[in-house]
Amino acid sequence: MRQEIAEILKGKQVDYTITVKGWVRTFRNNQFIALNDGSTNHNLQVVVELNSQDEALLKRITTSACISATGKIVASQGKGQTVELIADTIEILGDSDAEKYPLQPKKHSLEFLREIAHLRFRTNTFGSVFRLRNALIFGIHKFFQEQNFLNIHSPIISASDAEGAGEMFKVTTLDLDKLPTSEDGTVDYKQDFFGRSANLTVSGQLEAELAAMAFSKVYTFGPTFRAENSNTTRHLAEFWMIEPEVAFNELKENADLAEAMLKYVIQYAMEKHPDDIAFLDARLADEEKQKPTNERAEFGLIEKLNFVLNNDFERITYTEAIDILLQSPAYKKKKFQYDVKWGIDMQSEHERYLVEKHFKKPVIVTDYPKDIKAFYMRQNDGCEPGRETVAAMDILAPGIGEIIGGSQREERLEKLEQRMHEMHIPTKEMFWYLDTRRFGTCKHAGFGLGFERLVQFVTGMGNIRDVIPFPRTPQNCEF
Ligand code: 4AD
Ligand code: MG
């Protein structure tokens with residue numbers, strides 16, 4: 001029976017015989033194997049009794065080889081571990097030519113590791129990142145399930161543009177070299193697989209809304225796709241999104257739910273994997289040391305996470321946010337690259353100023369100008385003419401910027417139809433969405449959490465490409 005290394009290191013028990021299997025990280029003095037099986041970022045020291053194994057076998061114990069070792073767990077004499085395994089037998093499960101193996105037992109740059117993403121799982125950093133990613137997935141389900149939310153699988157192939165932003169990947173089986181055309185010269189999608197044009201979904205929200213009109217509380221957790229040509233440390237072409245949708249909720253309850261969810265999952269991940277958090281905390285501190293003093297983050301990773309857990313998020317309106325920016329020394333000294341005035345879509349430099357310089361904690365910004373937000377957001381009543389707003393909310397997090405985007409939805413049929421006409425969203429094709437407003441409409445609200453941005457926040461990883469196993473970005477679809 002194979003035992004996992006995390007279990008062995010956790011136990012205080014000694015003097016029992018077991019088998020471990022894993023990948024060799026290092027092999028020192030022809031005697032000490034550091035073995036890792038991915039259950040923890042700590043290695044188990046496997047001691048090869050000198051002369052007990054034949055020479056040919058010892059040669060095959062190389063960095064990255066896969067081995068099985070059977071022997072006795074004993075209290076360790078050496079530093080750095082409480083127990084170790086004295087091996088009676090060692091079996092090589094998979095040989096590896098250490099000379100050709102791209103991962104050497106030394107520090108590699110994250111850029112280099114991205115090029116060998118098929119192997120980077122075997123490093124300490126990525127071991128910690130992906131165990132935490134897993135804990136966050138489970139923590140999110142746990143949070144919603146404990147509150148009786150229903151998990152809905154929204155479709156991945158969709159014929160509508162949920163965000164109305166037109167940044168979609170087409171899905172087709174048509175031969176691109178011989179596209180069938182209609183009489184007016186446009187592509188004849190009637191001949192396509194679905195008999196109409198189809199795309200990869202940008203969001204499961206619209207379908208979640210339909211389900212919320214029956215189950216009251218639902219959430220989706222699925223892949224979403226955006227064909228935006230954004231080469232930043234926060235954008236992916238394929239990312240995972242969590243989208244709760246709750247009937248009867250208004251904007252304030254929506255913000256309360258988002259704040260409670262973030263705190264819950266951060267705490268869950270920290271409790272589940274304290275060693276991984278500690279490892280990444282030290283890694284980040286090391287990285288920060290390389291930066292000039294004025295660019296260093298104010299908080300360490302653990303400090304930051306604890307601070308978020310123990311403090312209320314700041315809540316301000318968009319109008320208040322703009323006023324803060326206009327009053328800021330940064331604005332007065334013309335430090336912002338982009339102009340600030342009511343009506344702008346805040347740039348990341350503005351969001352960072354609010355979160356990192358002004359409030360120094362997560363900020364929930366509500367009630368954005370209607371013209372910069374999606375068609376489905378609820379139009380606020382009693383706005384000053386020329387300053388129409390919608391019941392939107394974005395949550396901005398230190399070091400990340402927008403981590404959550406959400407809103408109360410327009411539940412009034414007439415207002416929704418009118419807004420869709422204004423924004424050239426086809427109302428006829430989207431009869432199904434409008435039907436919920438025809439048949440028993442009610443106030444409701446929801447939001448979308450970008451899952452990779454959450455993983456970035458919890459792990460302190462600076463680049464979103466390093467928190468998803470195989471990132472898809474413009475000009476890159478390797479592995
Ligand atoms: O703000 P967004 O576009 O909102 C929606 O899609 C709504 N339908 C959500 C809802 O109300 N149900 O996206 C939501 C979140 C963003 O706040 C961000 O965290 C993340 O998704 N996101 C991305 N993450 C990685 N790469 C991208 N290209 C992203 N675009 C958005
Ligand atoms: Mg958004």
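As the structure is a computational prediction, the values presented were derived from the model and not from experiment. As the structure lists them, so they are numbered: ligands from 1, and atoms in each ligand from 1.
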(request) Measure from the Mg ion (ligand 2) to each N, O or S atom of E402 and report whether any distance is below 2.8 Å. (result)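 So E402 does bind the Mg ion (ligand 2) by this criterion.
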
(message) Can a donor-acceptor pair be found, under 3.5 Å and without considering hydrogens, that links the side chain of E349 to the backbone of Q337?
(response)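 Yes: the side chain of E349 pairs with the backbone of Q337.
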
(request) Could you tell me whether a side-chain N or O of E209 sits under 3.5 Å from a main-chain N or O of Y433, the two making a donor and an acceptor? (result)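 Judged by distance alone, no pair lies under 3.5 Å.
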
(message) Can you list every protein residue that has a heavy atom under 4.0 Å from any atom of ligand 1, sorted by chain and residue number?
(response)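 Under the 4.0 Å cut-off, ligand 1 touches E163, S203, Q205, R226, E228, R234, H235, L236, F239, M241, E243, Y376, E402, I403, I404, G405, G406, R409, G446, F447, G448, G450, R453, I464.
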
With distance as the sole criterion, is a donor-acceptor pair present between the side chains of [X] and [Y] under 3.5 Å?
| X | Y | value |
| --- | --- | --- |
| D367 | T317 | no |
| Y353 | Q347 | no |
| S203 | E243 | yes |

(message) In this structure, is the centre-to-centre distance between the rings of F225 and F169 below 6.0 Å?
(response)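 F169 vs F225: aromatic centres not under 6.0 Å.
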
